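Predicted model, so just to flag it, every value in this text is computed and none were measured.
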Amino acid sequence: MKLFKNYSWPGNIREMENLIERLCVISASEVIGTELIAQHITDPAHPPDVFRSGFPIDEAVRDFERGIILDTLKKYRGVKNRAAKALGIKTSTLYSKMEKLGITENKEE
């Protein structure tokens with residue numbers, strides 16, 4: 001709760017709702033730990049190191065998207081239609097993104 005209370009929430013309640021939804025999707029357990037929350041709450045004045053290091057934005061976006069898709073597929077045990085629904089995209093879009101990002105059909109990936 002301290003992390004939530006101390007964050008300024010520049011995006012207001014929508015930002016909080018989006019964060020909670022994202023954490024539910026990517027969390028490997030039923031309980032969302034402080035470590036996971038801390039990784040996703042950032043102070044705009046102090047962005048994560050990845051953005052200060054000159055890391056190309058397209059690579060950062062690709063890596064982030066790939067990670068979210070892999071985490072969601074793992075959570076839904078490879079069931080694409082459930083994963084797509086959790087991600088808020090069509091199943092065909094998920095397949096397209098998986099191909100583009102080099103994600104195989106392997107459920108264990």
Side-chain angles (χ1 to χ4, degrees):
M1 287 304 291
K2 188 175 183 179
L3 287 169
F4 282 100
K5 287 180 181 180
N6 290 336
Y7 185 65
S8 65
W9 299 105
N12 209 332
I13 193 69
R14 287 189 185 123
E15 181 181 1
M16 183 184 285
E17 288 173 344
N18 289 335
L19 173 67
I20 292 169
E21 285 178 14
R22 187 172 347 121
L23 294 176
C24 288
V25 168
I26 65 173
S27 179
S29 71
E30 300 261 330
V31 177
I32 298 170
T34 56
E35 305 83 26
L36 187 61
I37 295 168
Q39 289 174 2
H40 290 83
I41 291 182
T42 58
D43 180 356
H46 301 93
D49 288 339
V50 69
F51 298 109
R52 285 184 275 174
S53 67
F55 195 70
I57 189 75
D58 56 337
E59 286 183 40
V61 169
R62 180 183 167 93
D63 289 347
F64 179 78
E65 186 174 37
R66 189 173 200 283
I68 292 291
I69 290 171
L70 287 171
D71 289 344
T72 306
L73 286 168
K74 183 177 179 181
K75 181 173 183 168
Y76 291 99
R77 296 189 167 117
V79 179
K80 313 296 185 297
N81 61 343
R82 291 183 65 206
K85 185 175 181 179
L87 291 166
I89 59 177
K90 294 179 181 180
T91 305
S92 60
T93 302
L94 176 59
Y95 277 102
S96 175
K97 287 181 178 290
M98 288 174 62
E99 184 177 340
K100 176 181 161 192
L101 297 168
I103 299 172
T104 65
E105 294 289 321
N106 185 352
K107 293 180 185 179
E108 300 301 317
E109 187 168 340

Between [atom1] on residue [X] and [atom2] on residue [Y], distance to nearest 0.5 Å:
X   : Y    : atom1 : atom2 : result
E99 : T104 : CD    : OG1   : 12.5 Å
I89 : S96  : CD1   : OG    : 9.0 Å
R22 : I32  : CZ    : CD1   : 11.0 Å
L3  : K5   : CG    : NZ    : 11.5 Å

Determine whether a donor-acceptor pair (N or O, by modelled atom type, separation under 3.5 Å) exists between the side chain of [X] and the backbone of [Y].
X   : Y   : value
T72 : I68 : yes
R82 : Y76 : no
K80 : G78 : yes

Taking C-beta and beyond as the side chain, do [X] and [Y] meet within less than 4.5 Å on heavy atoms?
X   : Y   : result
M98 : L73 : yes
L94 : K90 : no
I20 : M16 : yes
K2  : T34 : no

For residues I69 and K97, report the shortest heavy-atom separation together with the two atoms involved.
-> CD1-CB, 3.9 Å
In the single-linkage hydrophobic clustering (I, L, V, M, F, W, Y; side-chain heavy atoms under 4.5 Å), do Y95 and L70 co-cluster?
-> no
